[in-house]
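In what follows, a structure is listed as structure tokens, so that the remarks can point back to it.
Hydrogens, waters and symmetry mates play no part in the numbers below; they use all other heavy atoms, side chains included.
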Amino acid sequence: MTFASPFTPTETALTAREAEILDFIARGLTSKQIARHLNISPYTVNTHRDNLRRKLGAHNGAQLASCRATLQLRPAGQGALTTKP
């Protein structure tokens, strides 16, 4: 499954925290479990989830998890992840 996104790769570059949360989502953790693991509020996790859905054009957690396979790691300081060309 591919996702069309109206954003350029620069706009879809994920922060390190978003990439970290996306990895947890891909492993099947809930927002509450992610929050406990990272010692942050579940509401903060949900905000990151919303940002990820917007940036990646996903509609739910399952689509976010599948998007993870189409992303590549970037060097530190340049955004954690970006879409593959």
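- Put simply, CD1 on Ile21 and CZ on Arg17 are 6.0 Å apart, with the number rounded to the nearest 0.5 Å.
- Closest heavy-atom contact between Lys55 and Ala13: NZ-O, 3.3 Å.
- Across Ala65 and Ala26, no two heavy atoms sit closer than the pair CB-CA, 3.8 Å.
- In this structure, the side chain of Gln63 engages the main chain of His59 through a donor-acceptor pair within 3.5 Å.
- Judged as a side-chain hydrogen bond (donor to acceptor under 3.5 Å, both in side chains), and not counting sequence neighbours, the contacts of Arg53 are Asp50.
- Residues Arg68 and Leu64 have side chains not in contact (no heavy-atom distance under 4.5 Å, counting atoms from C-beta outward).
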Considering only distance and modelled atom types, tabulate donor-acceptor pairs under 3.5 Å from the side chains of residues 31-43, sequence neighbours left out.
{"unit_1": "Ser31", "atom_1": "OG", "unit_2": "Asn46", "atom_2": "OD1", "d": "2.8"}
{"unit_1": "Ser31", "atom_1": "OG", "unit_2": "Arg49", "atom_2": "NE", "d": "2.7"}
{"unit_1": "Gln33", "atom_1": "OE1", "unit_2": "Thr30", "atom_2": "N", "d": "2.8"}
{"unit_1": "Gln33", "atom_1": "OE1", "unit_2": "Thr30", "atom_2": "OG1", "d": "3.3"}
{"unit_1": "Ser41", "atom_1": "OG", "unit_2": "Tyr43", "atom_2": "N", "d": "3.0"}

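- Among all heavy-atom pairs drawn from Ala19 and Leu14, the shortest one is N-CB, 4.4 Å.
- Smallest separation of non-hydrogen atoms from Ile25 and Gly61: CG2-O, 3.8 Å.
- Taking CD from Glu18 and CG from Asp23, the interatomic distance works out to 12.0 Å, rounded to the nearest 0.5 Å.
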